[in-house]
Student: 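Handing you a structure now.
Bear in mind the structure is a predicted one, so any value in this text is a computation, not a measurement. Whatever order the structure lists them in is the order used to number ligands and atoms, beginning at 1.
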Amino acid sequence: MTDGRTRFPPINPRCPHLLHGGDYNPEQWLDSPGVIDEDFRMMKLAGANCMTVGVFSWVSLEPREGEFTFSWLDDIMDRLAKAGMFAVLATPSGARPAWMSQKYPEVLRVREDRLRNLHGLRHNHCFTSPVYREKCRIINTKLAERYKDHPALLLWHVSNECSGQCHCELCQQAFRTWLRQRYGDSLDAMNKAWWTAFWSRTFTSWDQIESPSSRGERALPGLNLDWRRFVVHQTVDFLGAEIAPLKAITPGVPVTTNLMGAHPCMDYWKFAPALDVISNDNYPAWHGRGDNLPVAAQVGFVHDLMRSLKGGRPFMLMETTPSIVNWQEVAKLKRPGMHRLASLQAVAHGGDTVLYFQWRKGRGGSEQFHGAVVDHVGHEHTRVFRDVVEVGETLSKLDDLVGTTTPVEAAILMDWENRWALDDSECVQKKKGYFETCLEHHRAFWSMGIATDVIDQDADFTKYRLLVAPMLFMVRKGVGERIEQFVAAGGTFVATYMTGQVDDSTLCFLGGFPGPLRKVLGIWAEETDGLYDFDANSIVPQPSNALGLDKTYQAGEICDLIHAEAATVVATYGGDFYAGRPVVTVNTLGKGQGWYIAARSEYAFLADFYARLAQQLGLHRVLEADLPEGVSAHLRTDGQREFVFLLNFAAADRTVRLGTARYRDVLTGRPVKGRLVLGRYGSAVLERKA
Ligand code: GLA
Ligand code: ZN
């Protein structure tokens, strides 16, 4: 959903094009004559219009404390401007000079076992340390003052992939302060929320509280969850401290930081308000076992999340590799066509950029064999370079896409706090598979060409017609009521096994699961059965059920034993001692419906279930006809025109039925009607009237 808009302005109105470029580290080549000239020559050939500079460059900018060396960066910024290109200018805090760690050990991160790290690697800093924050403030101020009027400056890229935790004494203090605020300065309230009478854990003074540790407390779910919340809070606070001088000096320059998809450690909904534009790093493992479809669907999920984080505003693909990823199990080359396909996939889901890590391969360092646009051979006559040129040419024809939006009627709810609570909870199965379950539900829509947002439970549900919330184990305050209102007003809500068991503090709901969702779902979940992987049950649809389901499906792993209270039974279990008891139910509340899927199932069930539900609700699909297996379809619009992306992730030709609409192929200009054949990893962008 797009907050009522059909088009957003470009990321920075100074560049009304899709951005193409990548991480550029010229500081590694300053003493190699000719390399930088060659870079700029080849950037033109590649159709690059921007470069991300300054990531991890601290020691090249401040080799000794208080001594600044900007001349090399001045030169790069000037060259970019001269070439008509732009800079995504990074603050360097993702890695820092050794002099700083040596002089101020407090900047170094402390592990959960309370051992302070040595200097080294990157992302090895304390987010609380006043010294580190001050050093960041100084360098960021210098950068902003120096380049505030520079014609190349397009965007600030703050730090890099903020992640990890620090357990130092400064962080412990900050955690205690945060807890006092959360619990209104009441130890009693905190003790109750954490259920500390269990195992004699009641805290009688704030300074007794410590972050979770393998050497100490690690089995207090309320503490674990609050610590994770605090880590996110502190990280965002640190980002805010980095952003403050940039905003003060360059209020008109947008700010981003590169996120890491649906990374388990951070709650990106808390990052979004601090950023002007969302950007993401994306390193899918293409060409693995089987086909590319699960990978493609997962990437689609992440792109949808990125688009959703700021209410439908186009996001940036900040990093992806033009060829291989050197840190994965296997560094498999992208097969011909895949680079263009994966690049267009980002645009199809609402991305306005395709940027790489990185422009040129380094000679040394642990990433010397990571894919890059320019290889060690040093010229443009490589397969990868040609792939990049092709993407550059493609993007240059898609100016009309900039800022366009994706109309969405359905949302998948994937909530980080819920994920942490589930992962931490000792029940039913060691591995809960929450994220994977969200992916499977999303994939059912992805394969039908129905756009979905990916939201959390604090989102505004009223924008949608269908809300799918797999395994919503934790239901935060007020959310049950909001879902009830959503359904009463005509919305359709789908929940599954393991729903409505704990509150914000991980305390179980009393009086029957699914707690605050019991009324909307019209069921009581009495018990939950964890099955071994060699166990199986089945889902048997009732004769003439509401969705017309008529096949039997496999179920397993997690099975809720439920009672249909107000709900109607749509399918029952086929086996075990609970054979005949409800496994799929639907409840009517006001003008809407609440569905419950009580067991984990094979994917075929979800595909059929959502196909029929979507049909019943009349959800819009990009194309009316079913898509061939392996093809995904996406739509962006400016209100007048619709841009339809057809992406073939199958390793064979696919024929797509276009229906009766008349199309124009945006890339070739040719009219298209009726059918379109997409080759292996083929992709097309078509335009039709809205
Ligand atoms: C991350 C980092 C980059 C680089 C790439 C390599 O995304 O941000 O600096 O290390 O991974 O894949
Ligand atoms: Zn710390």
Student: Quick one: side chains of residues 47-55, donor-acceptor pairs under 3.5 Å with protein atoms, not counting sequence neighbours, listed by atom name and distance.
Tutor:
residue : atom : partner : partner atom : Å
Asn49   : OD1  : His20   : N            : 2.7
Asn49   : ND2  : Leu18   : O            : 3.0

Student: Out of Val255, Val158, Thr91, which residue meets the side chain to side chain contact (heavy atoms under 4.5 Å, CB included) rule with Leu239?
Tutor: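 Exactly one candidate clears the test, Val158.
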Student: Give me the nearest non-hydrogen protein atom to atom 8 (O) of ligand 1 as residue plus atom name, then the distance to 0.1 Å.
Tutor: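 Among all protein heavy atoms, the one nearest atom 8 (O) of ligand 1 is Glu319 OE2, 2.8 Å.
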Student: For Glu169, run the salt bridge (charged side-chain N to carboxylate O under 4.0 Å, His left out) check against Arg116, Arg114, Arg176 and tell me which one passes.
Tutor: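 For Glu169, the salt bridge (charged side-chain N to carboxylate O under 4.0 Å, His left out) test succeeds with only one of Arg116, Arg114, Arg176, which is Arg176.
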Student: Of all the atoms in ligand 1, which lie at a distance below 4.0 Å from a heavy atom belonging to Glu367?
Tutor: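 Selected atoms, number and element: 4 (C), 5 (C), 6 (C), 10 (O).
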Student: If I compare all heavy atoms of Ser101 with all of Leu108, which pair ends up nearest, and what's the gap?
Tutor: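 Smallest interatomic distance, heavy atoms only, reads OG-CD2, 3.9 Å.
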Student: Closer than 3.5 angstrom, by distance alone: can the side chain of Asn258 be matched with the main-chain N or O of Glu161 as a donor-acceptor pair?
Tutor: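 Yes, the answer is positive, given that a donor and an acceptor are paired below the 3.5 Å cut-off.
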Student: So, is the end of the Arg229 side chain (NZ or CZ) under 6.0 Å from the ring centre of Phe175 and within 45° of the ring's axis?
Tutor: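 Arg229 over Phe175 ring: no.
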Student: Evaluate the ring planes of His370 and Phe357, with Trp represented by its six-membered ring, and classify them as parallel (under 30°), tilted (30 to 60°) or perpendicular (over 60°).
Tutor: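 Ring orientation of His370 relative to Phe357: perpendicular.
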Student: Go through ligand 1 atom by atom and flag the ones less than 4.0 Å from a non-hydrogen atom of Tyr283.
Tutor: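 Listed by number with element: 5 (C), 6 (C), 7 (O), 11 (O), 12 (O).
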Student: Are the side chain of Lys361 and the backbone N or O of Gln368 linked by a donor-acceptor pair below 3.5 Å?
Tutor: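 Such a contact is absent between Lys361 side chain and Gln368 backbone.
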Student: What do we get for Met260 next to ligand 1 when only non-hydrogen atoms under 4.0 Å count, side chain, backbone, both or neither?
Tutor: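 No part of Met260 is near ligand 1 at this cut-off.
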Student: Return the residue, atom name and 0.1 Å-rounded distance of the protein heavy atom closest to atom 6 (C) of ligand 1.
Tutor: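 Minimum-distance protein heavy atom for atom 6 (C) of ligand 1 reads His370 NE2, 3.2 Å.
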Student: Quick one: sort the Tyr147 and His150 rings into parallel, tilted or perpendicular, breaks at 30° and 60°.
Tutor: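 Plane angle over 60°, so perpendicular.
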Student: Between the candidates Gln358, Glu161, Arg122, which shows the shortest non-hydrogen contact distance to atom 9 (O) of ligand 1?
Tutor: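 Looking at heavy atoms only, Arg122 sits closest to atom 9 (O) of ligand 1.
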Student: For distances below 2.8 Å, what is the count of protein N, O or S atoms around the Zn ion (ligand 2)?
Tutor: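 If we list every protein N, O or S atom nearer than 2.8 Å to the Zn ion (ligand 2), we get 4.
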Student: Once you measure the plane-to-plane angle for Tyr132 and Trp58, does it fall in the parallel (<30°), tilted (30-60°) or perpendicular (>60°) bin?
Tutor: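 Tilted.
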Student: Should the proximity of Asn160 to ligand 1, defined as any heavy atom under 4.0 Å, be assigned to the side chain, the backbone, both, or neither?
Tutor: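 The side chain, only.
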Student: Mark up the atoms of ligand 1 that fall under 4.0 Å of a heavy atom belonging to Phe56, in ascending order.
Tutor: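 It comes down to these atoms of ligand 1: 9 (O).
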